[in-house]
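In what follows, a structure is listed as structure tokens, so that the remarks can point back to it.
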Amino acid sequence: DLVLVKAPQFAGAIDLFWSTMAAGAIFVPVDSEWPAYAVEKAAGRLSPRLIVATGKDCKQLEALFPSAMVIDADEHAAGTDELLLSLPLG
């Protein structure tokens with residue numbers, strides 16, 4: 001499974017990376033400055049299972065990847081790694 005991350009640097013990013021690896025998933029970072037269409041073009045074939053983004057990017061990415069769970073890094077920064085480890089990824 002893939003975890004797509006479109007967020008500027010945030011405190012839990014390293015924990016999220018290692019939690020993704022521990023869950024047996026693949027961490028796919030994309031530039032936080034990319035517009036949604038560029039993310040869709042770059043990651044469209046990947047079908048991420050989980051997307052970590054911030055603010056308005058969350059809504060745009062939910063529309064682009066309807067089967068993915070989208071979480072806001074700003075709201076869940078402290079608990080993102082626990083959430084990730086609880087998902088059936090791998």
Minimal non-hydrogen separation, A68 against I51, with atom names: CB-CD1, 3.9 Å

query: How many angstroms lie between OG1 in T20 and CG in D15, if you round to the nearest 0.5 Å?
result: 10.5 Å

Can you give the donor-acceptor pairs under 3.5 Å from side chains of residues 26-39 to other protein atoms, not counting sequence neighbours?
from: D31; atom 1: OD1; to: E33; atom 2: N; distance (Å): 2.7

- prompt: Which pairs count as side chain to side chain donor-acceptor pair (under 3.5 Å) when at least one residue sits in residues 54-70, sequence neighbours excluded?
  reply: K6-D57

statement: dist L2:CG -> R49:CZ (nearest 0.5 Å) comes out at 10.5 Å

- request: First locate atom CG of L4, then atom CG of L64, and finally report the distance between them rounded to the nearest 0.5 Å.
  value: 10.0 Å

statement: Note: D72 and G55 closest approach over all heavy atoms is OD2-N, 3.4 Å

